[in-house]
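Bear in mind the structure is a predicted one, so any value in this text is a computation, not a measurement.
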Amino acid sequence: MQDAHVLRTTSDKLIDDLDALRELEAAKRETPQGDPRLVDLASRIEAIANRVLAGAAHQRRLTEVIHEAAADGLADPTATIEDSARPVSTVLEEWRTAERMAMSAEPGSPEAIEAKTRIDRLREEYRAAFEAARRQK
């Protein structure tokens, strides 16, 4: 079901954003008040928080559609978001994009912090997909 894959992608992005918010907020707490990065960090936190809010609303609408499909017998009612694995090629493409973002970002910048959290999650997702594929052989 296509909606399940969209929900998985939306969920992954929400997790990325929440991880980035935690990392950026921790960095902001340790940044001196006179440092101009403080405003940059706060601005990036605000942008991501807005994205989280929009993503959560989108995710709720998707879950309503998926829940209805399961209730109508059109989808597996026992499937979870985690069961809807993304293609490894998609994960690798996103990982490469995040790596490029990290390389072009200034070390310690909000963009670098966000890229690192995304890279960490994508690395773990790739590892899990690779091991799942290996078990199926």
Side-chain angles (χ1 to χ4, degrees):
M1 173 179 228
Q2 182 61 26
D3 288 330
H5 290 291
V6 174
L7 180 59
R8 169 63 188 250
T9 299
T10 304
S11 178
D12 288 345
K13 288 179 181 178
L14 187 59
I15 289 170
D16 283 346
D17 284 343
L18 292 170
D19 287 345
L21 281 173
R22 185 179 49 74
E23 293 294 325
L24 290 167
E25 190 62 35
K28 187 180 79 174
R29 291 172 67 123
E30 296 175 359
T31 302
Q33 293 179 15
D35 189 327
R37 284 185 348 113
L38 185 65
V39 175
D40 292 339
L41 287 163
S43 295
R44 190 70 189 144
I45 288 167
E46 179 183 26
I48 294 171
N50 286 329
R51 199 167 61 211
V52 165
L53 183 58
H58 179 65
Q59 192 174 61
R60 182 193 45 78
R61 290 188 299 274
L62 283 169
T63 59
E64 289 170 350
V65 169
I66 291 170
H67 180 74
E68 273 186 40
D72 293 342
L74 302 173
D76 179 357
T78 64
T80 66
I81 293 172
E82 196 65 33
D83 293 336
S84 183
R86 299 185 311 149
V88 173
S89 60
T90 301
V91 176
L92 281 173
E93 181 180 326
E94 289 184 19
W95 189 359
R96 288 182 190 117
T97 300
E99 290 281 359
R100 284 190 296 274
M101 181 180 162
M103 288 177 16
S104 67
E106 182 179 325
S109 70
E111 293 80 13
I113 293 168
E114 187 176 353
K116 182 196 175 306
T117 60
R118 186 160 176 74
I119 289 165
D120 291 346
R121 191 205 41 88
L122 289 165
R123 182 181 299 119
E124 179 57 30
E125 184 179 355
Y126 177 80
R127 185 196 59 74
F130 181 80
E131 287 185 8
R134 193 174 67 178
R135 283 192 302 271
Q136 290 178 351
K137 289 183 180 184

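Side chain of D35 to main chain of R37: a donor-acceptor pair is present (N/O by atom type, distance under 3.5 Å, no hydrogens or angles). With hydrogens and angles disregarded, no donor-acceptor distance shorter than 3.5 Å links the side chain of R121 to the backbone of D19. A donor-acceptor pair under 3.5 Å is formed between the side chain of T10 and the backbone N or O of V6. Proximity of a side-chain donor or acceptor of T117 to a complementary backbone N or O of E114 within less than 3.5 Å is detected. Checking side-chain atoms of R118 against main-chain N and O of W95 turns up no donor-acceptor pair under 3.5 Å. Remark: the backbone N or O of T80 is paired with a side-chain donor or acceptor of D83 at under 3.5 angstrom.
Defined by atom type and a distance below 3.5 Å, a donor-acceptor pair is present between the side-chain atoms of T97 and R100.
Following chains of ILVMFWY side-chain contacts shorter than 4.5 Å, one can reach V52 starting from I113, so the two form part of one hydrophobic cluster.
Between K28 and L24, every side-chain heavy-atom pair lies at or beyond the 4.5 Å cut-off. Residues E94 and E125 fail the side-chain proximity criterion, which asks for heavy atoms closer than 4.5 Å. Two residues are said to be in side-chain contact when any heavy atoms from C-beta on lie closer than 4.5 Å; F130 and V88 fail this criterion.
The minimum heavy-atom distance linking I66 with D3 is given by the pair CD1-O, 3.6 Å.
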